[in-house]
Amino acid sequence: MNFKKELAEILFEVLEGAISLHDLELLIEKPKNQAHGDLAFPVFRLAKIKRKSPNVIAQELREQIQSPTFEKVEVVGAYLNLFLNKKLVSEKVVNAIINKKNQFASQNIGNGSNVTIDMSSPNIAKPFSMGHLRSTVIGNAIALIIEKCGYKPIKINHLGDWGTQFGKLITAYKLWGDEEKVKQNPIKELLALYIKFHEEAESSPSLEDDGRAWFKKLEDGNEEALTLWQWFRDESLKEFSKIYQLMNVEFDSYAGEAFYNDKMDRVVQLLEEKQLLVESDQAQVVELLEEELPPCLIKKSDGATLYATRDLAAALYRKENYNFAKSLYVVGHEQSLHFKQLIAVLTKMGYDWAEKMVHVPFGMMLKDGKKMSTRKGKVVLLEEVLNESIAMARHNIEEKNPNLPNKDEVAKQVGVGAVIFHDLKNNRMNDIEFSLEEMLRFEGETGPYVQYTYARACSILRKGKWEAVVLDHAYSTSWEKEWKVISLLMEFSTAIKRASENFDPSQVAKYVVDLAQAFNKYYAEVKVLEESEEQKARLALVYSVTVVLKEGLRLLGVQAPEEM
RNA sequence: GUCCCGAUAGCUCAGCAGGAUAGAGCAACAGUUUCCUAAACUGUAGGUCGGAGGUUCGAAUCCUCUUCGGGACGCCA
């Protein structure tokens, strides 16, 4: 159902190859102004080749385009404006959706190949902050979108469960910790200890050395260190799983940094064999001079490993176990240097698959224009935000639809949907200033707006007793009033494809808002349930919209209640 | 200092494989419910697309320079 391609092929024939098929497809555009038709072809390029005025060329072309797909071809200046045959196209689209249901717009670009997605990755013993929300939500949406395009996503929660921070935490716990208090409120207590550590370290820098020493012990298998670490980890995971359940996110693997503890020797060995390891200030590094990057630190002067070491081990492990076609890292953009180094080192090691690794960066969640810092206790907790959002949704239901049967369930879907959608609707590179007010807005370009549109459409179908039978006959409508909605329905697969290629869920979020807006306008203009011979066609349109809105929201990780 | 991002309406942002008059939402103002859920819809107002050059028939979009904001730059992750 790609009419752009169809037009390109017609033009290619007519022009006898003056412009390649590929270029033609790029030149054909979708006019912003509906009065300019559904597709347009600017002929400037031809004017140069043919040495005729653009307007003359356009006039000539108009005569030569003969296809039932286009009901009208107009020339305006140097533009060829084409109008699709509304009846033919609309019925094609609507029937395709009725037949394929949620499989509509599914594609098989990926051919079932594996794509690993490193995402979420919260730090153990720290609260799940708004910052981690972004990686979780973006990663989850990318997984769903690429799956729709025929890839097999493998979601990996690369838990931050290893590193010097645990040495610091153990130090702090041994100095000031209270077992009972930690048991009662693990995350909160551990966070308090972590903050206290950094406060105290300001005046007594030797604490930092103690922290590093404890981490070294942990890495060397010291029993006391390991027991504490295991305890912190278990408690943290319990807390995290509550949030993941709330957001409906699941993982294929929880192999975090600690998982690679026994796999790092091999990396170091490989680097040595390839003579890439250099000593520098008692530390082991890989120089990246030709790449014009700073050196990548592999081992600290005390022999302990670093972030990069673990990520190298993880990359090797993932390649060997999942044989990925692509390996994505949904991690904040402040870490882009790290990933450049990582890929550079792997390339130096001779692994050509390093080029299949992609850092998918995103902007930061800011508070008062500044980065949030766990060390200074400047965090906003995701769980609190989600709960507030759910409460707000619940309040709205009480006000607007008090007879709704499953209020709590719907409040959860709407509240959580609002938070997720708010994160996904804009380009992921934009920094987001944290604002509860913004997040809890349920009007305009928001998740609840789209959900509400879906609920209204579902309501029409219920009352209109719509049954999705496969219809092989024509509808008695001209599809004039429906056209805006139809032309958007056609674009669903394009939006998905773009989102998948650019790892950019906001393409789908924007699409779904556009469709909801178009439908709401239609809803205000046309009374579907009024008896008319056009009703069957209109119900088919409403049904099509519900299918696409629901699927679009699903691809973002947002649920769609049928009533709200 | 080097590198990476960003700058479009009062606010939050679309548009950025160059195309026809730069679009939404929020906020403001004025309206719409005997009729499919008003979490909606309609209308008014709001802009030298940070600045300066360049490429082009055509630039918010591409190139160069520049200003401002954010981030990263070896023993944190």
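As the structure is a computational prediction, the values presented were derived from the model and not from experiment. Just so we're on the same page: letters track the sequence lines, and every chain starts at 1.
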request  = Specify whether A:H338 and A:Y307 have parallel, tilted or perpendicular ring planes, treating 30° as the upper limit for parallel and 60° as the lower limit for perpendicular.
outcome  = parallel

task = Rounded to whole angstrom, note down the P distance from B:U67 over to B:A28.
result = 39 Å

inquiry  = Is it the case that atom NZ in A:K5 sees more than 12 heavy atoms from other parts of the structure closer than 6.0 Å?
reply    = no

ask   = With syn defined as a glycosidic torsion within 90 degrees of 0 and anti otherwise, which applies to B:A38?
value = anti

5′-ward residue of the pair A:H36/A:Y522 relative to RNA chain B = A:H36

ask   = At under 4.0 Å, does any side-chain N or O of A:T164 touch on OP1 or OP2 of B:A77?
value = yes

query = Which of the following nucleotides, B:A40, B:G71, B:A20, is nearest to the side chain of A:E443?
reply = B:A40

task = Could you give the distance separating B:A14 and B:G53 at their P atoms, to the nearest angstrom?
result = 28 Å

key: Rounded distance (nearest 0.5 Å) linking atom CG of A:L288 with atom CD1 of A:I343   = 12.0 Å

inquiry  = Measuring to OP1 and OP2 of B:A39, would you say a side-chain N or O of A:Y452 lies under 4.0 angstrom away?
reply    = yes

query = Hey, is the side chain of A:R45 poking within less than 4.0 Å of OP1 or OP2 on B:C57, counting only N and O atoms?
reply = no

request  = Have a look at A:I298 and say if it touches a base, only the backbone sugar-phosphate, or nothing, with a 4.0 Å heavy-atom cut-off.
outcome  = nothing

key: Qualifying residues under ring-ring contact (aromatic ring centres under 6.0 Å, His included), relative to A:H333, sequence neighbours excluded   = none

request  = Under 4.0 Å between any heavy atoms, over every strand shown, what does A:S301 touch: base, sugar-phosphate, or nothing? Just pick one.
outcome  = base

request  = Take atom C1' in B:C13 and the same atom in B:C57, then report the distance between them in whole Å.
outcome  = 32 Å

ask   = If we ignore angles and hydrogens, is there a donor and acceptor under 3.5 Å between the side chains of A:W229 and A:D161?
value = no

task = Determine, for nucleotides 10-18 of chain B in 5'-to-3' order, which nucleotides have protein heavy atoms under 4.0 Å from the base (write B), from only the sugar-phosphate (write S), or from neither (write -).
result = ---SSSS--

message = Under 4.0 Å from OP1 or OP2 of B:U37: is there any side-chain N or O of A:S459 that close?
response = yes

query = So, does the side chain of A:T446 form a donor-acceptor pair with the base of B:G25 at under 3.5 Å?
reply = no

key: Atom-pair distance (CD on A:E292; C1' on B:A72), nearest Å   = 17 Å

task = Please lay out, stage by stage, how A:K168 and A:D210 fare under the test salt bridge (Lys or Arg N to Asp or Glu O under 4.0 Å).
result = CA-CA 7 Å; A:K168 293 178 182 177; A:D210 295 344; over 6 Å; no

inquiry  = Classify A:N502 by what it touches in the nucleic acid, base, sugar-phosphate, or nothing, heavy-atom distance under 4.0 Å.
reply    = nothing

inquiry  = Applying salt bridge (Lys or Arg N to Asp or Glu O under 4.0 Å), can you list everything that pairs with A:E74, at least two apart in sequence or on another chain?
reply    = A:K72

ask   = So what does A:A40 hit on the nucleic acid, given a heavy-atom distance under 4.0 Å: a base, only sugar-phosphate, or nothing?
value = base

ask   = Looking for any heavy atom pair under 4.0 Å, which part of the strands does A:K463 touch: base, sugar-phosphate only, or nothing?
value = sugar-phosphate

key: Among B:C36, B:C57, B:G71, the nucleotide that comes nearest once only the side chain of A:Y523 is considered   = B:C36

ask   = Start at the 5' end of RNA chain B and walk down; is the nucleotide closest to A:F442 or to A:L80 reached first?
value = A:L80

query = Below 3.5 Å, does any donor atom in the side chain of A:D311 face an acceptor in the base of B:A77, or the other way round?
reply = no

Each nucleotide N or O in nucleotides 41-50 of chain B that has a protein N or O under 3.5 Å away: list the pair and distance.
residue	atom	partner	partner atom	Å
B:C41	OP1	A:Y449	OH	2.7

ask   = With pairs taken as Watson-Crick or G-U wobble and both distances under 3.5 angstrom, which stems of at least three consecutive pairs involve RNA chain B?
value = B:1-7 with B:67-73, B:10-13 with B:23-26, B:28-32 with B:40-44, B:50-54 with B:62-66

ask   = For RNA chain B, what residues of residues 404-416 of chain A have any heavy atom nearer than 4.0 Å?
value = A:V414

